[in-house]
Amino acid sequence: MTAYIDKIGQFEGQEVTLRGWLHKRRSSGKIHFLTVRDGTGFIQVVMSKAAVGEETFHRADHLGQETSLIVEGTVRADPRAPGGYEIDVDTLNVVGESRDYPITPKEHGVDYLLDRRHLWIRSPRQQAILRIRHVVVDAVRDFLNSRSFTLADTPIFTPAACEGTTTLFPVQYFDNETAYLAQSGQLYNEANIMALGRVYCFGPTFRAEKSKTRRHLTEFWMVEPEMAFATLNDAIELGEALVVAIIARVLETRRQELETLERDTTSLERVQAPFPRITYDEAVETLKAKGQPFKWGSDFGGTDETVLAEQFDQPFAVHRFPSALKAFYMKPDPDRPELSLSVDILAPEGYGEIIGGGERLDDLDELLARIKKHGLSQKTFEWYLDLRRYGTVPHSGFGMGIERVLTWICGLEHLREAIPYPRTLNRLYP
RNA sequence: UCCUCAGUAGCUCAAUUGGCAGAGCAUUCGGCUGUUAACCGAAGGGUUGUAGGUUCGAGUCCUACCUGAGGAGCCA
């Protein structure tokens, strides 16, 4: 009977076949302790010379870390085992040898590990992160699907900048025209809601910023919901509910992984809607009161975000940023046109911005003026302008960075651990 | 692009004021029937990132370059 470690308790007292990899080996003269992992968990396999005989026992003398193997043995409950069970082995077969595995139980540097990311993901900590990532993605999709959102994927090759400010990756392939890798599905989402009402796109996003910080990747995953007939407030409420749903699902199903990561979950337990909300103006006042040198009209730096986050013990929303700070499609506040109907949701504990969005400009003439003012080509945006010509409606949405959310949930030091194969300024391998 | 820091054994690091280049882990060999970062004993393992310079003598000081990290700007 083939068994998997996460469900091994069902087989107590029974003979099972376990297929996996040798994680670690400890040995005495007449007993081997093999920690085996099979992709679902870790378990200690005990091999005594008396039970298996001289030949099998000596075959296990030199098993290297990460040797793939098939063991047959009896499941036994043991209070000494971290998972509650051990396996007393009868037979052991090596599937693939492994000599001089480069990632040892000792600590390694970041660059060394990233060069071996294809192996690093085998370690317990990285497995835990990737499992939680899966649950986050799953929770996002379930949440949006259950609220009548339709997944409508947006293109990766795009003809121009969605947001003029950031840098794009050019691709030379299409005749007479440079294509760029998408940095947002935003504009296409706006077309899609006019067909489907509520939509989201969920895929990789590319930013050619020369960012060298623990908060940036050049390729990252973003979910972007967009709603027709929706205000800034609707977008904030959706964002809150989404974050709450993700945290609840992770706490519900991935306790063990959070423990592996030694994540103190008390701050996650506190997360509930509604989040504290402050205006940009209030945020500036707070920063000044806390002695930060900050001028109205500039964007928050990393330190500013941390100082603001210290005021709250859960995620919080900052809304109504100056229009000059935000993309051309952001709708101005009717009461104060110098402000935009925009929102950022920031994670607590200094993890920074996880959501950015707002209400979109739905008036044709105003949008035309913005495009001119930003020096963008009207021709490129004709299709986007059509959305204002044929039955425009107020609409809102946001983007949420999956790795940023995961970094916060897992309490990671670096964003690059939150994605299987991180792409940063200087990294394209493996 | 700018600022700061780092680069020594396969890995993580040490090396006092410029004076014999070392430890732990990993590997190999030996020992051990309850280990779980196992332990005990032994062995092998080095062009100190690269190229110059100062000096009787450079891992250490100087110059340039390479690579990486953290941060700024920008953003999710």
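Here is how names work: the chains are called A, B, and so on, in the same order as the sequence lines, proteins then strands, and each is numbered from 1.
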Rounded off to whole Å, could you give me the [atom1]-to-[atom2] distance for the [X] and [N] pair?
| X | N | atom1 | atom2 | result |
| --- | --- | --- | --- | --- |
| A:Glu413 | B:A69 | CD | P | 14 Å |
| A:Leu425 | B:U67 | CG | P | 12 Å |
| A:Glu66 | B:U27 | CD | P | 13 Å |
| A:Gln65 | B:C11 | CD | P | 15 Å |

Is [X] close enough to [N] that one of its side-chain N or O atoms is under 4.0 Å from OP1 or OP2 there?
| X | N | result |
| --- | --- | --- |
| A:His414 | B:A69 | no |
| A:Arg26 | B:U35 | no |
| A:Arg80 | B:A38 | no |

Side chain of [X], heavy atoms from C-beta onward: which of [options] has the nearest atom to it?
| X | options | answer |
| --- | --- | --- |
| A:Asp111 | B:A76, B:G68, B:G34 | B:G68 |
| A:Lys24 | B:G10, B:A38, B:A69 | B:A38 |
| A:Arg404 | B:G73, B:A26, B:C75 | B:C75 |
| A:Thr104 | B:G71, B:A26, B:A76 | B:A26 |
| A:His108 | B:U28, B:C11, B:G70 | B:C11 |

Apply side-chain contact (heavy atoms from CB on, under 4.5 Å) to the pair A:His108 and A:Ile103, showing each step before the final yes or no.
CA-CA 8 Å; A:His108 300 282; A:Ile103 300 177; 3.9 Å; yes
Euclidean distance for C1', B:G22 against B:A9 (whole angstrom):
10 Å
Is_stacked (A:Phe33, B:G34) at 5.5 Å, 30 deg:
no
First of A:Leu415 and A:Arg116 reached from the 5' end of RNA chain B, by closest nucleotide
A:Arg116
5' precedence on RNA chain B between A:Leu114 and A:Arg99 (nearest-nucleotide basis)
A:Arg99
When the ring planes of A:Phe57 and A:His32 are compared, do they come out parallel, tilted or perpendicular, using 30° and 60° as the limits?
parallel
Between A:Arg133 and A:Glu403, does any NZ, NE, NH1 or NH2 come within less than 4.0 Å of an OD or OE carboxylate oxygen?
yes
Pairwise side-chain contact, A:Val95 with A:Asn93, heavy-atom cut-off 4.5 Å (strictly under):
no
By the Watson-Crick or G-U definition, both distances under 3.5 Å, B:G24 is matched with B:C11
